[in-house]
Amino acid sequence: MPSRVLVAGARGGIGAAVMSALAAAGHAAHGVDRDGIDVTRPGGAELAVRQASDRLGGLDGIVHTIGMSGRRLGDGPVTECTDEAWAEVHRVNHESVFRLLRAGIPALTRGGSIVVVGSALATTLADDFLTVAYASAKGALVPLVRSAAYAAARSGVRISIVAPGLVDTPMAERALSDPDIARSMAALHPLSRRALEPAEVAAAIVWLLSDAAGSVTGAVVPADGGWTLR
C-alpha cells in the first residue's frame with residue numbers, strides 16, 4: 001500500500017471517503033480541494049503535488065476524484081448541450097486529469113499508483129442520464145490514462161480508472177431526489193440494487209493503490225453495482 005497519498009477533491013463525496021479509508025489503514029494522506037488548491041486551474045496541479053510531497057516527505061500515490069455535473073450549465077443530449085457546459089465539464093473532468101498526471105508522475109520517484117475516478121456513463125447510456133459533455137469527458141479519460149500508463153510503466157508507476165455507477169454524493173443529489181430515477185435504482189444497479197455509497201468506490205480505489213494490484217495498470221475497473229452489465 002502506498003504510504004503517502006495526494007487526494008485531489010478531498011472535501012466531500014468519494015474523495016472524503018478515500019481520505020477516511022487511507023487514514024483507517026494507517027496511511028498518510030494530503031487532501032486538496034478547490035477552496036485551497038484548485039488543480040483544474042493552470043499551476044494548481046503542480047502546486048498540489050509540491051505541497052503534498054513536501055508535507056509527506058514524498059509521494060507514493062495520487063487519487064483524482066474531482067468531477068462536476070454540467071446540468072446547471074446546460075449539459076444534456078448533444079442537440080441541446082450548450083457551449084458553456086461542454087467547455088466547463090471538459091475542463092474540470094478531463095483537462096484537470098491531464099494536468100495532475102503531468103505534474104504527478106515525475107513525483108512518484110520510487111514508483112507507485114495513480115487512480116482516476118471515471119464513470120459508468122463513459123460506456124453505457126441511460127435515458128435519465130443523457131449528458132453528452134459529462135459522458136464524453138469521462139470517456140476521454142480512457143485513452144488519456146492508457147497512454148500515460150504505458151509511458152509511466154518503465155518508471156514503475158501504475159495508472160488506472162475506477163468507473164462508478166450513481167454514487168450517493170452531493171453531485172448526485174438532483175438525480176436521487178427525482179422519484180422516477182429513485183425507482184430505477186434496482187434496474188440501473190442490478191448487483192447493489194441501490195445507489196452506491198462513497199466508501200464502496202473508495203475501497204476499489206484503495207485496492208488499486210495497494211501492492212495487491214501491483215500488476216494492474218491502464219485498467220478501467222467498474223465499481224458500479226452492475227450498471228455496465230446492462
Side-chain angles (χ1 to χ4, degrees), residues 1-23 25 27-70 73 84 86-119 133-134 137-138 140-141 143-149 151-162 169-171 198 201-202 205-206 208-209 217:
M1 163 71 72
S3 58
R4 304 165 298 178
V5 183
L6 165 63
V7 180
R11 184 176 61 180
I14 295 170
V18 171
M19 292 289 287
S20 296
L22 290 170
H27 300 288
H30 178 75
V32 298
D33 215 299
R34 62 184 180 184
D35 290 343
I37 297 176
D38 187 352
V39 303
T40 72
R41 300 294 180 183
E46 290 79 5
L47 178 59
V49 169
R50 184 166 62 249
Q51 185 186 84
S53 185
D54 289 348
R55 180 187 169 200
L56 301 176
L59 284 175
D60 307 303
I62 297 172
V63 182
H64 184 291
T65 72
I66 296 165
M68 69 166 287
S69 166
L73 301 178
E84 182 184 10
W86 179 267
E88 186 68 0
V89 168
H90 277 264
R91 184 185 70 81
V92 172
N93 294 347
H94 182 223
E95 291 177 16
S96 67
V97 175
F98 157 71
R99 296 180 190 278
L100 192 58
L101 291 175
R102 183 177 62 182
I105 291 170
L108 302 180
T109 55
R110 66 182 194 188
S113 178
I114 300 175
V115 184
V116 175
V117 175
S119 173
Y134 184 86
K138 290 295 189 178
L141 294 177
L144 170 61
V145 164
R146 286 177 57 83
S147 177
R154 293 174 180 83
S155 301
V157 175
R158 299 178 287 111
I159 310 170
S160 288
I161 295 170
V162 166
T169 65
M171 193 174 86
V201 182
I205 292 170
V206 171
L208 282 171
L209 289 172
T217 193

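Heavy-atom basis, side chains included; hydrogens, waters and symmetry copies ignored. Everything numeric here is computed off the predicted structure, so don't read it as measured data. Each residue takes its place number in the sequence, starting with 1.
Distance alone, capped at 3.5 Å, is enough to place a donor-acceptor pair between the D33 side chain and the A10 backbone. The backbone N or O of G61 sits nowhere less than 3.5 Å from a side-chain atom of S113 that would complete a donor-acceptor pair. Side-chain atoms of K138 do not come within 3.5 Å of backbone N or O of A133 as any donor-acceptor pair.
Side-chain contact, T40 with R91: a donor N or O sits under 3.5 Å from an acceptor N or O.
Nearest approach of L59 to L6, heavy atoms of both residues: CD2-N, 3.9 Å. Taking both residues in full, the closest heavy atoms of Y134 and N93 are given as CD1-ND2, 3.3 Å, listed atom of the first, atom of the second, then distance. Looking at every heavy atom in both residues, G13 comes nearest to P198 through O-CB, 3.7 Å. When every heavy atom of R110 is checked against every heavy atom of S3, the shortest pair comes out as NH2-OG, 3.7 Å. The shortest heavy-atom contact between R102 and P106 is O-CD, 3.3 Å. Looking at every heavy atom in both residues, I159 comes nearest to A152 through CD1-CB, 4.1 Å.
The shortest distance between side-chain heavy atoms of H64 and I114 does not fall below 4.5 Å. Two residues are said to be in side-chain contact when any heavy atoms from C-beta on lie closer than 4.5 Å; V116 and T65 fail this criterion. Between L209 and V63, the closest side-chain pair of non-hydrogen atoms falls below 4.5 Å. Using a 4.5 Å heavy-atom threshold, the side chains of R99 and P42 count as touching. Inter-residue side-chain proximity for M68 and E88 is flagged as met; some heavy-atom pair is nearer than 4.5 Å.
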Side chain to side chain contact (heavy atoms under 4.5 Å, CB included) between V7 and V32, worked out:
CA-CA 6 Å; V7 180; V32 298; over 6 Å; no
Show, in sequence, the C-alpha distance, side-chain angles and deciding distance for V5 and I62, and conclude whether the side chain to side chain contact (heavy atoms under 4.5 Å, CB included) test is met.
CA-CA 5 Å; V5 183; I62 297 172; 5.9 Å; no
Let's go through S160 and V115 carefully: what are the C-alpha distance in whole Å and the side-chain angles of both, what is the deciding distance for side chain to side chain contact (heavy atoms under 4.5 Å, CB included) to 0.1 Å, and is it a yes or a no?
CA-CA 5 Å; S160 288; V115 184; 5.7 Å; no
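Between the CZ atom of R4 and the OG atom of S53 there is a distance of 7.5 Å, given to the nearest 0.5 Å. Taking CG of D60 as the reference point, atom OG1 of T109 lies at 8.0 Å (rounded to 0.5 Å).
Using cut-offs of 30° and 60° for the angle between ring planes, the W86 and H90 rings count as tilted.
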Counting only pairs under 3.5 Å, give me each side-chain donor-acceptor contact of residues 45-52, with atom names and distances, residues two or more places apart or in other chains.
residue: Q51; atom: OE1; partner: H30; partner atom: NE2; Å: 2.7

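Qualifying side chain to side chain donor-acceptor pair (under 3.5 Å) partners for R146, counting only residues two or more places apart in sequence or in other chains: none.
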